[in-house]
Each structure stands twice: as structure tokens, then as C-alpha cells.
Amino acid sequence: MLPILKPSKLDLDELARLQERIAKRVIAEDRIRRLETVAGCDISFPRGDRAYAACAALDYESLRVLRQRAVAVKLRFPYIPTFLAFRELEGMLRAARGVDADVYMVGAQGLAHPRRAGLACHLGVALNKPTLGAAKGRLCGSAEEPELERGAYSLLKDDGEVVGAVLRTQPGSRPVYVSVGHKLSLETAIKIVLHTTRDHRLPEPLRVAHQLATRAMKSG
DNA sequence: GCGACAG
DNA sequence: ATCTTGTCGC
């Protein structure tokens, strides 16, 4: 089990430039034909340099689980804010490549990232498919407090530009940070998150993927 | 210098 | 993210 080496300042500068290149490839417009299946992607960490990535595809209307996959992955990079993709993309990609879907959602940011290259953007560009980010917390930017009813949202702005939305998925509960990953408009991303959210704060695809990854971790 | 900081 | 059951509050 190779150790996770802490990258140097120079390495991070290099990776930041790589993210800027990824950001240029992101298409923040709807390039999606069908919307019949939605997949959720997540990773669980037991401890150390091993983790479990999972992807689950659900029927867009019924939210029934159609396909799912979980894989064990070696971690090669530490968690460093704004560099999350270098820790999680590889494993997430392996799980997602085995599960076909019209759109993939990730429990992290998309364009709502300092260099507009959150994990959801990296995944979308790598898969060349529509993706969106639906995170529990904020990474950058600011927004007004959205109204308390389900469906209410306010725009998340960073450095003068709209990078996402702060969306209330359940009345009174803390909002979710939604942003475009790739090949989707922010409006469509919000629509998808709301449509796939039922009795919990987070959308079902993410909940299923999280359970799947956690179960794989506990048994593996 | 002092916080903030996806998972 | 993860270690962890019941419990205070709306």
C-alpha cells in the first residue's frame, strides 16, 4: 500500500493550471437528449489509503434502481480543499464507466469552484457526458438565504459570476449547493435535483450511491 | 496575520 | 469523509 505523499506547492500550482484547462472544456449548456436515467456517484473512506467508489443508475421517473456498481480503489492523493478531484476522480470514473446513464450527479461542486473545475466538471469532461454537482456545503462564493419552501433557491456568485444555486430541497432544511458539471444548464441541473429529491435533503441517486459505497466499505 | 475550506 | 445512540428541539 503505497503512502499518500503530500504534494509540494509547485505540484499544486501545476495541478491548478491543469484545472484551468479542464474548466475551458466545460460546456454549461444543455447537450442532453434523453432524460430517462440518472446516476449518483460517491466514495466512502474506511481509513488509510483505500476507499470504495460506487455508482447507481435510477429510472428518472420512478427512481427505481436499475444498475449499480461498487469498486475498491487506492487513494494516491490527500484531501486538499479545491483539489478534491485529484483524490476522488480516478475511483469515481471506474465505478461510473460501468454504469450507463443519461446524466451523473456527484456529491461535490461543479463550476462552484475557485477555478471552475470541481469534481463534477472533471467527471463530466472525462466521461464526455452530462454531470452536475449537488453538495452539502459551500466551497466558494456567496448567496442570499433562499426562501424556506421546497424549490426555492438563490444564485451562488463568486468573483462576479454566477457559479451555481443554493437550493432548498426540503422545507426548512439546510439548502443544497447545486452547480453545473458538464453539458447541462444550471436551470436543468436544478430541475433534476428537485425531481430526484423525495423525503430527504439529498437526491435519491446520491443517497443510493452513498449507501452502496458504505456497504462495500463495511463488508470489504 | 486571521479565518474559510466540496469530501 | 469517519468514529457513534440517544436525544433536545421545532
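Sequence lines set the chain letters: A, B, ... in the order given, protein chains first and strands last, and positions in each chain run from 1.
- Base engagement by A/Gly118 is indicated by at least one non-hydrogen atom pair under 4.0 Å involving a base atom.
- Both thresholds, 5.5 Å between centres and 30° between ring planes, are met by A/Tyr79 relative to the base of B/dG7, so the two rings are stacked.
- Within 4.0 Å (heavy atoms only), A/Leu119 reaches at least one base atom of the nucleic acid.
- Hydrophobic clustering (side-chain heavy atoms under 4.5 Å, transitive across Ile, Leu, Val, Met, Phe, Trp, Tyr) keeps A/Leu132 apart from A/Tyr104.
- Nucleic acid contact for A/Gly107: sugar-phosphate only, since backbone atoms but no base atoms lie under 4.0 Å from a heavy atom of the residue.
- The backbone N or O of A/Ala117 lies less than 3.5 Å from a partner atom in the side chain of A/His122, making a donor-acceptor pair.
- Comparing atom distances between the A/Asp42 side chain and each of C/dT2, B/dA6, B/dG7 picks out B/dG7 as nearest.
- Following rounding to the nearest Å, A/Leu206 (CG) and B/dA6 (P) show an atom-to-atom distance of 17 Å.
- Taking 4.0 Å as the cut-off between side-chain N and carboxylate O, A/Asp13 and A/Arg17 do not count as a salt-bridged pair.
- For A/Leu139 and B/dG3, the CG to P distance is 20 Å, given to the nearest whole Å.
- Between the CZ atom of A/Arg50 and the C1' atom of C/dA1 there is a distance of 16 Å, rounded to whole Å.
- Counting heavy-atom neighbours within 6.0 Å of A/Arg198 CZ, excluding the residue itself, gives a total above 12.
- Counting to the nearest Å, the C1' atom of C/dT2 and the CZ atom of A/Arg87 are 11 Å from each other.
- A straight line from CD of A/Glu90 to P of B/dG7 spans 21 Å, rounded to a whole angstrom.
- Here B/dA4 presents its C1' atom at 14 Å from NE2 of A/His113, a figure rounded to the nearest Å.
- Rounding to whole angstrom units, CE of residue A/Met92 and P of B/dG7 are separated by 11 Å.
- A cation-pi arrangement, defined by a distance under 6.0 Å to the six-membered ring centre and an angle within 45 degrees of its axis, is present between A/Arg115 and A/Phe83.
- Put simply, CG on A/Asp158 is 14 Å from P on B/dA6, counting in whole angstrom units.
- Residue A/Phe86 is out of contact with every strand shown, counting any heavy-atom pair closer than 4.0 Å.
- For A/Arg138 and B/dC5, the shortest distance from a side-chain N or O to OP1 or OP2 is below 4.0 Å.
- Residue contacts shown for A/Thr82 include a base, since a base heavy atom lies under 4.0 Å away.
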